[in-house]
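One structure is given here, and the rest of the page talks about it.
The basis for the numbers below is simple: all heavy atoms, side chains too, and nothing from hydrogens, waters or symmetry mates. When a residue number appears, it is its place in the shown sequence, counting from 1.
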Amino acid sequence: MKRIGIDVGGTNTDAVLIADEKVVHSVKCPTTADVTSGILDALRTLRANPLAAVPVDAVVIGTTHFINAVVQRRSLQKVAAIRIGMPASASLPPFCDWPADLAALVSGDVFMLEGGHDYDGRPFMPLDIAGLKAAARKIRDKGLRSVAVCSSFSPLDPSCETAARDILAEICPEAAVTLSHDLGRIGLLERENAALLNAALNDLAVTTVAAFRRAIADSGIDAPLFLTQNDGTVMQAEIATAFPVMSFASGATNSMRGAAHLSGLHDAMVVDVGGTTSDIGQLRHGFPREANAVVEVGGVRTLFRMPDLLSIGLGGGSHVEQEPVRVGPLSVGYRLTSEALVFGGTRLTATDIAVAAGLLDVGDRSRVASVPKSLINAALADAQRKLEEDIDRMKTESGDVPLLAVGGGAFLVPNRLPGISEIVRVPHGDCANAVGAAIAQVSGEADQVFRDLSREDAIAAARRIAEDRAVQAGAERGSLTMVDVEDMPIAYLPGNALRVRVRVAGAIANPDVDAAA
């Protein structure tokens with residue numbers, strides 16, 4: 001299978017062609033302000049090589065476009081929030097735990113209605129159909145075009161949310177509807193927050209994915225488009241349009257998956273040093289270790305499948321301050337090729353320090369010949385100190401472990417670090433993020449409470465649900481393997497209650513073969 005993988009970072013847009021699990025060709029181009037023209041530039045540069053000018057089976061893109069919109073408070077739309085769970089959930093209404101500035105941008109209206117289910121899927125209040133219809137009419141009259149619906153314990157029984165969707169489709173058909181159970185896990189407020197963020201990004205997702213499609217078509221490529229998800233797997237472009245929040249942490253995840261693929265190591269620490277930040281994480285069985293705690297995105301609590309990462313302001317484009325000597329956290333970002341000294345600019349960056357130290361050969365070395373050796377050594381020592389401290393923070397083992405150093409700024413990683421058995425550098429490591437996108441698989445997840453089943457039967461039932469969801473998302477059923485499984489007895493509830501979370505992943509199905517076969 002031949003695939004093109006693309007990763008859009010804050011500084012560079014990387015593209016690779018993978019054939020039979022091997023990198024055929026890779027390119028690195030500056031990220032552009034509008035993102036999509038940078039993708040087009042990367043594709044054109046990649047396809048200019050005769051080895052890469054071949055038909056491909058898929059194009060997979062990883063992007064920070066959507067998380068940046070939330071963090072930077074831009075390109076967001078007003079959302080109507082429908083909470084189904086009264087009277088039990090009256091004390092904490094939607095948006096109650098959001099930063100005030102973000103809530104003011106996103107909150108269009110709030111409706112809290114009776115209905116919902118208990119922890120085991122039993123309904124505890126009849127659904128307020130009349131209230132839903134009244135809410136839908138008000139949403140239509142206010143001109144709101146995006147709605148988020150959240151019902152208590154909907155991952156166990158989504159019937160209240162699907163009923164709301166049907167009513168909204170009838171009364172205000174122009175509105176895009178996000179149902180919280182499609183985004184995942186048990187936990188009302190965090191799941192509702194995920195749905196609200198997703199709904200706020202609807203217009204941006206539609207225009208962004210359409211722009212990605214145009215860039216691919218303009219490059220003469222006829223292949224299906226996929227976007228990478230937070231957990232290192234992919235989703236079809238149509239699903240990505242409906243669920244942009246699923247790609248929030250895809251960039252760092254792609255780098256870790258790419259590092260595992262290029263090195264052959266499936267259990268190791270990874271540091272991905274980009275142009276703006278360094279992301280530090282740990283690989284387990286070839287996938288990033290997941291964060292078990294609540295994850296905040298732009299100040300909003302969510303329960304996404306997110307990698308357990310530590311990001312620090314250290315990269316190839318980091319500013320180098322001289323009094324005292326400090327590298328980062330500010331960065332020139334995608335302006336590196338115009339602002340760094342070696343490229344004719346006036347800003348001293350980490351790239352300039354690396355060129356002056358002989359670690360890197362880019363730009364015009366004569367422009368950094370006057371940088372004092374004491375400044376070079378002090379800057380490299382500061383970068384090493386930051387990496388040493390934060391890698392140690394992310395380790396879970398007491399002994400030495402291998403470290404995979406990837407990314408365009410990996411020259412900042414020294415050849416020896418305390419607690420690290422070896423520093424592994426791989427060919428094409430500067431484009432590991434795009435490699436991770438190209439090799440990504442399709443996943444499915446189940447997270448629910450089972451009663452009156454043995455542990456083995458409950459895990460098997462959850463696995464079947466996860467596999468069905470993966471196939472629906474475009475996976476080949478025969479290739480699915482279990483990536484994660486967690487089970488937790490709920491001792492204070494009757495009926496041998498057990499909460500089970502299972503995640504499976506497998507290869508993208510051949511579009512010419514019936515996925516259900």
Spell out, as yes or no, whether a donor-acceptor pair under 3.5 Å connects the side chain of Gln77 to the backbone of Asp203.
yes
Please confirm whether the backbone N or O of Ser151 pairs with a side-chain atom of Arg191, one donor and one acceptor, at under 3.5 Å?
yes
Atom NZ in Lys395, atom CG in Asp400: separation rounded to 0.5 Å?
5.5 Å
Do Glu467 side-chain atoms and Val504 backbone N/O form a donor-acceptor pair below 3.5 Å?
no
About how many Å separate CZ of Arg83 and CZ of Phe95, when rounded to the nearest 0.5 Å?
10.5 Å
Residue pair Val54 / Leu17, side-chain heavy-atom distance below 4.5 Å
yes
Can you name the residues that form a salt bridge (Lys or Arg N to Asp or Glu O under 4.0 Å) with Arg499, not counting sequence neighbours?
Asp447
Give a yes or no answer on whether the side chain of Arg3 reaches the backbone of Ala440 with a donor-acceptor pair at less than 3.5 Å.
yes
Walk me through whether Asp267 and Leu283 qualify under side chain to side chain contact (heavy atoms under 4.5 Å, CB included).
CA-CA 5 Å; Asp267 294 279; Leu283 282 167; 5.8 Å; no
With a cut-off of 6.0 Å (strictly less than), are more than 12 heavy atoms of other residues, nucleotides or ligands near CD of Glu422?
yes
Lys/Arg-Asp/Glu bridge criterion (N-O < 4.0 Å) met for Arg393, Glu389
no
Side-chain (Asp57) to main-chain (Lys2) donor-acceptor, under 3.5 angstrom:
yes
Below 4.5 Å, heavy atoms only, C-beta onward: do Pro329 and Ile312 meet side chain to side chain?
no
Decide yes or no on side chain to side chain contact (heavy atoms under 4.5 Å, CB included) for Trp98 and Leu197, but give the supporting numbers first.
CA-CA 11 Å; Trp98 283 43; Leu197 285 175; 3.7 Å; yes
Residues Arg469 and Glu445 bridged, charged N to O under 4.0 Å
no
Full working for side chain to side chain contact (heavy atoms under 4.5 Å, CB included) between Leu403 and Val401
CA-CA 7 Å; Leu403 173 71; Val401 296; over 6 Å; no
Rounded to the nearest 0.5 Å, what separation is found between the CZ atom of Arg464 and the CG atom of Asp468?
9.0 Å
Any chance you could measure Leu43, atom CG, to Cys29, atom SG, to the nearest 0.5 Å?
9.0 Å
Between Met125 and Met86, is there a side-chain heavy-atom distance shorter than 4.5 Å?
no
All heavy atoms of Ala466 vs all of Val502, minimum pair found to be CB-O, 3.8 Å
Nearest heavy-atom pair of Leu127 and Ala163: which atoms, and what distance?
CD2-CB, 3.7 Å
Please report the interatomic distance CG(Asp392) to CD1(Ile420), rounded to the nearest 0.5 Å.
8.5 Å
What salt bridge (charged side-chain N to carboxylate O under 4.0 Å, His left out) pairs are there with at least one residue in residues 207-216, not counting sequence neighbours?
Arg213-Glu238
Salt bridge or not between Glu397 and Arg289? Use side-chain N to carboxylate O under 4.0 Å.
no
What closest approach, in Å, do Glu192 and Cys150 show between heavy atoms, and which atom pair accounts for it?
CB-SG, 3.6 Å
Main-chain N/O of Leu314 paired with Lys386 side-chain donor or acceptor, under 3.5 Å:
no
How close do Ile423 and Ala405 get, heavy atom to heavy atom, and via which atoms?
CG2-CB, 4.1 Å
For Ala199, does its backbone N or O pair with a side-chain atom of Ser146 as donor and acceptor, under 3.5 Å?
yes
From the list Asp272, Asp279, Leu262, side chain to side chain contact (heavy atoms under 4.5 Å, CB included) partner of Val406 resolves to Asp272
Would you confirm whether Asp14, through its side chain, and Cys431, through its main-chain N or O, come within 3.5 Å as a donor-acceptor pair?
no
Keeping the roles fixed (side chain from Thr162, backbone from Ser159), state whether a donor-acceptor pair exists under 3.5 Å.
yes
Check whether any side-chain N or O of Ser152 sits under 3.5 Å from a backbone N or O of His117 as a donor-acceptor pair, and report yes or no.
yes
Answer whether the closest heavy-atom distance between the side chains of Val413 and Arg425 falls below 4.5 Å.
yes
How close do His261 and Val435 get, counting heavy atoms only, and between which atoms?
CD2-CG1, 4.0 Å
What is the distance from atom CG of Leu183 to atom CG of Asn193, rounded to the nearest 0.5 Å?
11.5 Å
Smallest heavy-atom separation, Ala19 atom then Val24 atom, equals CB-CG2, 3.7 Å
Should the heavy atoms of other residues, nucleotides or ligands under 6.0 Å from CZ of Arg145 be counted, would the total exceed 12?
no
Kindly indicate, with the supporting measurements, whether the criterion side chain to side chain contact (heavy atoms under 4.5 Å, CB included) is fulfilled by Asn202 and Val79.
CA-CA 10 Å; Asn202 177 72; Val79 173; over 6 Å; no
I want to check something: taking the side chain as every heavy atom from C-beta on, are Gln236 and Pro224 in contact at a cut-off of under 4.5 Å?
no
